[in-house]
Protein chains: 2
Amino acid sequence: METLYVSRYEAIGLNVTEVRALKSADNASLVEYLVEAIVDGVMEHRYAPGQRLIATDLAEEFNVSRAPVREALHVLAGEGVVELVANRGARIRKLTLKERIDFLEFTEALCMLGVRRGTDRIEKGDNREKLDDTFVEIEEAWSRRHAGDFVDSLYRYHIMLNHISGNNFVEFFYRRPYIRFYTIMLADLTPGGHWDEYISNYREIHQIILTGNQKKAVERFSRHISWVLSFMESENVNLN
Amino acid sequence: METLYVSRYEAIGLNVTEVRALKSADNASLVEYLVEAIVDGVMEHRYAPGQRLIATDLAEEFNVSRAPVREALHVLAGEGVVELVANRGARIRKLTLKERIDFLEFTEALCMLGVRRGTDRIEKGDNREKLDDTFVEIEEAWSRRHAGDFVDSLYRYHIMLNHISGNNFVEFFYRRPYIRFYTIMLADLTPGGHWDEYISNYREIHQIILTGNQKKAVERFSRHISWVLSFMESENVNLN
DNA sequence: TATTACCATATTGCATACAAAATCATCGAC
DNA sequence: GTCGATGATTTTGTATGCAATATGGTAATA
């Protein structure tokens with residue numbers, strides 16, 4: 001039964017084992033594979049923001065026909081990762097500074113839910129250990145001053161916190177391609193010395209979460225958000 | 001130049017004028033049109049949750065080929081409005097009670113950002129009047145006990161608040177098909193007498209927002225979220 | 001030189017074609 | 001009657017084809 005899929009997948013250069021793994025993993029179709037591949041391409045800076053994506057070329061690159069490529073491009077357009085204009089094809093979206101700042105505000109606001117619910121459940125299972133491990137990765141990336149890894153580990157911290165909180169929608173949301181896309185674009189924000197205060201805030205908040213004191217955690221995170229909003233506001237002055 | 005599109009659109013029964021309006025409005029392709037049409041179908045309860053969507057049938061219904069239908073279905077699958085399993089086609093997604101509750105938590109948490117930022121900007125332009133008008137619609141729908149209209153007006157209140165707050169990402173997010181889809185599904189929640197307290201909370205919060213007192217608004221909304229979480233928690237006991 | 005008109009080429013949008021896979025009804029064994 | 005096998009039918013996934021449209025370059029004009 002599995003082997004029947006091979007004919008469709010080997011066109012893109014996957015061998016039988018890989019195809020089986022792919023299929024059993026998530027029942028992925030070529031389209032899902034292409035969506036992943038294109039997003040990965042952006043993550044790895046192989047496709048630059050603003051760059052045009054030509055269906056024919058992608059089809060050739062992945063050794064498939066234009067049909068699944070077009071379907072994938074439509075998915076990504078719905079996601080806001082590419083911009084799709086009728087009869088003019090697709091481009092990787094270019095995010096303005098304003099868009100990236102708005103997104104940062106958005107995720108910070110969302111993280112509050114994780115803080116609220118997460119503190120309630122931090123005692124259960126190995127939640128405390130898992131969350132703490134992820135925070136270590138943040139600290140580690142920060143000590144290396146690696147913007148990409150820093151943003152990435154923060155992203156995983158948020159996911160972990162919301163996973164602990166037990167709200168599946170938040171997790172579903174965080175894993176969407178456009179969230180990954182927006183998140184990676186935050187790495188270019190580099191708002192100078194502000195990150196110093198940013199991570200110091202998170203360090204405090206993380207410690208409070210570990211104690212399981214919801215009231216204190218919410219209060220501290222609320223102050224953090226106010227701070228984010230205020231410095232964003234000032235940062236924003238000289239921009240569109 | 002415009003007329004050249006006609007041949008593509010008249011297949012789905014649109015006349016030249018309609019096509020021109022459509023095109024000039026948002027440069028929509030057939031796919032975008034189909035996405036809208038299918039989402040509308042769900043909103044109008046023509047397609048029920050769990051119902052299978054057969055590409056061939058949809059193509060016939062809209063008088064187009066399967067290619068754009070499939071592209072639209074992939075967009076909707078990415079959105080989480082339909083469920084797409086390889087070789088098994090698409091179904092309108094069925095949301096569990098848990099999923100709907102998680103979503104409600106999610107939007108409430110998000111609304112906090114609007115409350116925070118909105119109070120800052122409530123004085124500008126005709127923000128106060130527009131927000132108040134939307135709240136009147138909530139009250140009106142509530143007085144008629146019309147679940148659909150109630151949820152819909154609440155949705156528009158959230159959008160309005162976030163529009164005032166000036167965060168474009170939140171607005172972009174709220175207008176996504178899957179958010180509309182999830183929101184409409186909230187109408188079936190009908191958590192008994194709880195809505196009474198829910199709207200009474202919002203009435204208070206709305207009044208505080210109008211005064212522009214950010215600190216008080218945030219504090220009051222924070223209490224509201226705690227209340228939502230707590231009653232959700234108890235409501236949740238006997239369910240998956 | 002700068003600007004426009006024009007044509008060749010590239011690319012898109014949608015339709016169609018066909019093999020692979022799932023679904024469904026029928027039948028037979030128990 | 002229930003269960004499982006078998007084959008016809010339906011439906012999917014992808015490839016290909018073709019007309020509509022955009023793009024880019026060249027030549028003609030001012």
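To find a chain, count down the sequence lines: A is the first, B the second, and so on, and within it residues start at 1. The model shown is predicted, which means the values in this text are computed figures rather than measured ones. Computed over heavy atoms, backbone and side chain alike; hydrogens, waters and symmetry mates excluded.
Judged purely by distance below 3.5 Å, without hydrogens or angles, the side chains of A:Asn162 and A:Glu171 never pair a donor atom with an acceptor atom.
B:Arg52 places its CZ atom 11 Å from the C1' atom of C:dC24, with the value rounded to the nearest Å. Rounded to an integer number of Å, the gap from CD of A:Glu71 to C1' of C:dC14 is 12 Å. As rounded to whole Å, 15 Å separates atom C1' of D:dT21 from atom CD1 of A:Ile54. Separating the CG atom of A:Asp57 from the C1' atom of C:dT11 is a distance of 10 Å, rounded to the nearest angstrom. Note: NE2 (A:His74) to C1' (D:dG13) measures 17 Å, nearest angstrom. Regarding B:Leu84, its CG atom lies at a distance of 10 Å from the C1' atom of D:dT12, rounded to whole Å. Summarising the geometry, the separation between CG on B:Leu30 and P on C:dG13 is reported as 10 Å, rounded to the nearest angstrom.
Nucleic acid contact for A:Leu73: none, since no nucleic acid atom lies under 4.0 Å from a heavy atom of the residue.
The residue among B:Leu53 and A:Arg91 whose nearest nucleotide of DNA chain D is located toward the 5' end is B:Leu53.
Taking the ring pair (Phe, Tyr, Trp, His ring centres under 6.0 Å) definition, one finds that B:Phe169 meets it with A:Phe103, A:Phe106, A:Tyr182, B:Phe172, sequence neighbours left out. A search for salt bridge (charged side-chain N to carboxylate O under 4.0 Å, His left out) contacts involving B:Asp149 returns B:Arg144, not counting sequence neighbours. Contacts of B:Tyr155 classified as ring pair (Phe, Tyr, Trp, His ring centres under 6.0 Å), with partners at least two apart in sequence or in another chain: none. Every residue was checked against the ring pair (Phe, Tyr, Trp, His ring centres under 6.0 Å) condition with B:Tyr47, not counting sequence neighbours, and none meets it. Scored by the salt bridge (charged side-chain N to carboxylate O under 4.0 Å, His left out) test, B:Glu83 finds no partners at all (sequence neighbours excluded).
Taking only side-chain nitrogens and oxygens, B:Arg88 never comes nearer than 4.0 Å to OP1 or OP2 of D:dT12. Proximity of A:Thr56 to the phosphate of C:dT12: a side-chain N or O atom is located under 4.0 Å from OP1 or OP2.
Distances from the side chain of A:Ala55 to the nucleotides C:dT12, C:dA15, C:dG13 place C:dT12 closest. Which of D:dT11, C:dT12, D:dT14 sits closest to the side chain of A:Pro68 comes down to D:dT14. In the set C:dT12, C:dT23, D:dT14, C:dT12 carries the atom at the smallest distance from any side-chain atom of A:Asn87. The nucleotide whose nearest atom lies closest to any side-chain atom of A:Val64 is, among C:dT23, D:dA15, C:dA15, D:dA15.
Rounded to the nearest 0.5 Å, atoms CG (B:Leu113) and CD1 (A:Ile225) are 7.5 Å apart.
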Might you list the N or O atoms of the protein lying below 3.5 Å from N or O atoms in nucleotides 16-18 of chain C, with each pair's distance?
{"from": "C:dA17", "atom 1": "N6", "to": "B:Arg66", "atom 2": "NH2", "distance (Å)": "3.4"}

